[in-house]
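Keep in mind that this is a model prediction, so the values were computed, not measured. In the text below, chain A, chain B and the rest are named by the order of the sequence lines, each starting its count at 1. Computed from heavy atoms alone, side chains included, the values below leave out hydrogens, waters and symmetry copies.
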Amino acid sequence: MQESRENSKNSKSPIDDLISQRRQKMKELREKGVDPYPNGFDATHCISDILKKGRELEGKAVSAHGRIMSMRKMGKASFIHIQDMTGRVQAYLKRDDVGSENYMIFKLLDIGDFVGLSGKMFYTKTGELTIHVESLLPLAKSLRPLPEKWHGLKDVETRYRQRYVDLIVNEDVKEVFRLRSGIVQAIRKFLDEKDYLEVETPMMQSIAGGATAKPFITHHESLDMDLYLRIAPELYLKRLVVGGIEKVYEINRNFRNEGISTKHNPEFTMLEVYNAYTDYTSMMELCESLFNFITKELLGKPEVQSREKTINLKTPWPRVSLYDILKEKTGKDFSEVDGRDDMAKLADSLGVKYSEDNGEHKIMEHIFDKFVQPTLVDPVFIVDYPAKHSPLAKPKKDNPKIAQRFELFINGQEIANAYSELNDPIQQRAKMEEQMKDRELKKEGGVVDDDYIRALEYGMPPCSGLGIGVDRLVMLFTGSASIRDVILFPQMKKESD
RNA sequence: GCGCCAUUAGCUCAAUCGGUAGAGCAACUGCCUCUUAAGCAGAAGGUUGUGGGUUCGAUUCCCUCAUGGCGUACCA
């Protein structure tokens, strides 16, 4: 005790003063025989319930619990607002009604404390539904002051690092994550009703396959082996299709050891769906009906608002060939391009930057990103991607240079990626080996997934697969500009002292 | 990785030409039994992100570092 007093004397800062004031009140509560951290409190209503019932509850006894968000003390009577997960309601405490001992206890409470209240509902002179408190029970003492009641918490860094504070004081933040939960729930409901089986496949993989991205590496001690956090679940889900799970999906985290931006978090949530005996065109239909379902369940109309644009989600969505739209937006014919150098020349003529180790396809992507992607506001399926850079996709029968693949763009963002899955084990091995050469160039390492090829050798039915970035989907539906606004605890650097 | 910007009280924000930091909310002490951004009176709260430099004097100018934001690059 003495020691800590000395410490606080040495490192005395204003916030420490505020905390010790509250600790002092906590001590005084204990001295009055009040446990500052009791077990629980039975409420008759949640707050939204009370607000919803309104007049119906007038004069009736209720009890509710929540966090004190504001206090207006007027000597021997006070008004406070308490907030629970569902809303905020006013309460009125009068000394003569709660008793002077209870009122003393109340005076030891602070904004931020949790409290259980019982009393009869009434309307104040100004017409606000209010609990006329007859008894109160402190439920948990808060030792740190909350941000300002009017301006809330604005500092972005604190909002992300201390999301709990953000959630307490910024109601719209809670709304975003409610909607996120609703979207994920809707996806599950939609797929479950269509008899898809939800599964969980390994997060730790000995080969990081299914996409090209730098993985996170970890190590298993007793097996003495390196493992990768998955960059995609794709190869495992298709193993399940081999195993006879013909309709399967997974909603789970992927991990990519790459740059962080408003559109990239190292761990992000991915939906992958596979449906046997269908091709990629059926995934377009699935995409459309999934969006219809989500908008119907959550929005009521097929429209979302981005910063200034209204995005019309009404289906069906156009299907546009990659080369057609490139030609439309740049005036150049990309189907004529022959090789990496030719593509580089084209990029130069369009003033698009690229780096020396970018391949032909990568350069084309840069051109697409600059000239086409920002113009794709309403949903559009871009089709006819080059087969060479879609190693897990089945090529078109009439043109093996083109993959049976589409990407869905909305509001200038890639939302989904899908293809007819390549199920020819010989071709698949050849493509993986081909890809390894590229990887060697990039010094990224990687091996052919022999077990995956073995699975294909047992036979995988014709099959289509779809991947949707759930975080970006939520960004779209919530009008969020940054992925950090739809991830509760986004990745941050270590906090400095 | 690079560029630009930001960092001041627990929170939200001020501070003129470089002259030694102010307010509101919260907290504290009084008063106040229908308030709601309650009110009134009083008092308190700061190593101006970090470390250096220039200067008689730095929140202010210069450099380093840290963290964050935006842009850009990377990312099938």
Side-chain angles (χ1 to χ4, degrees), chain A residues 11-22 24-25 69-81 88-98 103 110-112 122-128 130 132 142-162 165 168-169 210-215 231-232 256-264 266 268 353-355 357-362 364-366 368-370 385-393 403 405 407 414 417 419 435 438-439 442 444 467 481-482 484 490 492-497:
Chain A
S11 62
K12 203 177 180 186
S13 74
I15 181 66
D16 291 333
D17 283 348
L18 292 173
I19 289 172
S20 56
Q21 274 171 17
R22 288 181 175 223
Q24 178 59 32
K25 290 182 188 173
M69 294 305 291
S70 66
M71 293 179 124
R72 289 171 296 282
K73 297 186 183 176
M74 303 164 299
K76 296 173 193 68
S78 300
F79 285 93
I80 65 175
H81 274 98
R88 200 179 271 209
V89 70
Q90 183 170 254
Y92 178 53
L93 290 99
K94 198 152 71 159
R95 193 192 63 182
D96 294 348
D97 295 331
V98 296
Y103 203 72
D110 285 294
I111 291 173
F122 78 109
Y123 282 87
T124 60
K125 265 194 235 167
T126 49
E128 182 168 350
T130 302
H132 194 136
S142 163
L143 295 180
R144 286 178 183 271
L146 287 176
E148 208 224 348
K149 61 184 170 189
W150 194 241
H151 299 93
L153 177 64
K154 286 188 173 170
D155 183 74
V156 192
E157 186 176 350
T158 312
R159 288 189 43 226
Y160 295 151
R161 285 193 195 280
Q162 300 179 239
V165 180
I168 292 167
V169 298
T212 304
K214 204 186 282 176
I231 55 174
R256 296 189 182 176
N257 202 344
E258 281 158 6
I260 295 177
S261 77
T262 50
K263 293 177 176 56
H264 301 263
F268 61 99
K353 283 179 287 177
Y354 55 92
S355 68
D357 49 353
N358 285 158
E360 177 183 346
H361 182 70
K362 191 77 224 171
M364 187 171 75
E365 258 187 28
H366 285 314
F368 182 86
D369 289 352
K370 184 165 173 188
Y385 283 82
K388 205 176 159 193
H389 297 94
S390 313
L392 299 167
R405 173 181 180 184
E407 289 191 357
E414 182 195 331
N417 180 18
Y419 29 85
Q435 224 214 341
D438 286 350
R439 283 198 183 185
K442 286 186 189 169
E444 273 198 16
S482 169
R484 282 171 222 123
M492 304 286 274
K493 283 194 191 176
K494 231 187 280 172
E495 209 170 342
S496 57
D497 297 322

Which whole number of Å gives the distance between the C1' atom of A21(B) and that of A14(B)? 10 Å
Side-chain donor or acceptor of E157(A) under 3.5 Å from a matching atom on the base of U7(B)? no
Do the side chains of E148(A) and K154(A) get nearer than 4.5 Å, heavy atoms only? no
Select one nucleotide: of U35(B), G24(B), A9(B), the one nearest the side-chain heavy atoms of E148(A). G24(B)
Round to a whole Å and report the spacing from CD of E495(A) to C1' of G49(B). 12 Å
CG of D16(A) versus P of G46(B): gap in Å, rounded? 11 Å
Side-chain N,O (K362(A)) to OP1/OP2 (C74(B)) below 4.0 Å: no
Both K73(A) and P145(A) contact RNA chain B. Taking the nearest nucleotide for each, which residue is further toward the 5' end? P145(A)
Scan N257(A) against the nucleic acid and name what it touches under 4.0 Å (heavy atoms): base, sugar-phosphate only, or nothing. nothing
Can you say whether the rings of H389(A) and H361(A) are parallel (under 30°), tilted (30 to 60°) or perpendicular (over 60°)? parallel
Within 6.0 angstrom of K73(A) NZ, more than 12 heavy atoms from elsewhere: yes
Rounding to the closest angstrom, what is the interatomic distance between C75(B) and U16(B) at atom C1'? 48 Å
Go nucleotide by nucleotide along RNA chain B from the 5' end; which of G127(A) and R256(A) gets its closest nucleotide reached first? G127(A)
Consider the side chain of Y92(A), meaning its heavy atoms from C-beta on, and name the nucleotide among G69(B), C34(B), U67(B) that approaches it most closely. C34(B)
With a 4.0 Å cut-off on heavy atoms, is Y160(A) in touch with a base, just the backbone sugar-phosphate, or nothing at all? sugar-phosphate
For RNA chain B, please output the secondary structure as dot-bracket, reading 5' to 3'. Pairs are Watson-Crick or G-U wobble, both atom distances under 3.5 Å; mark crossing pairs with [ ], other-strand partners with |, unpaired with a dot. (((((((..((((.....[..))))..((((.......))))......(.(((..]....))).))))))))....
Gap in Å between the two P atoms, one belonging to C25(B) and one to G3(B), rounded: 43 Å
Is the shortest side-chain heavy-atom distance between E360(A) and P386(A) below 4.5 Å? no
For C17(B), does the O4'-C1'-N9-C4 (purine) or O4'-C1'-N1-C2 (pyrimidine) torsion place it in syn, i.e. within 90° of 0, or in anti? syn
Contact class for S390(A) vs. all strands (heavy atom < 4.0 Å): base, sugar-phosphate, or nothing? nothing
By nearest atom, which of the nucleotides C11(B), G69(B), U33(B) is closest to the R484(A) side chain? G69(B)
I111(A) CD1 - A37(B) P separation (whole Å): 14 Å
Rounding to an integer number of Å, can you tell me how far K493(A) NZ sits from C65(B) P? 12 Å
From CD1 of I80(A) over to C1' of U33(B), roughly how many Å is that when rounded to an integer? 16 Å
In this structure, how many angstroms lie between the P atom of C11(B) and the CZ atom of R144(A), rounded? 10 Å
For the ring pair Y354(A) and H366(A), is the centre-to-centre distance below 6.0 Å? no
Using a 4.0 Å heavy-atom cut-off, does Y419(A) contact any base of the nucleic acid, only the sugar-phosphate backbone, or nothing at all? nothing
Starting from C1' on G10(B), measure out to NZ on K154(A) and report it in whole angstrom. 17 Å
Ignoring the backbone of I15(A), work out which of C34(B), G10(B), C70(B) is nearest its side chain. G10(B)
What is the distance, rounded to the nearest whole Å, between atom CZ of R159(A) and atom P of G69(B)? 11 Å
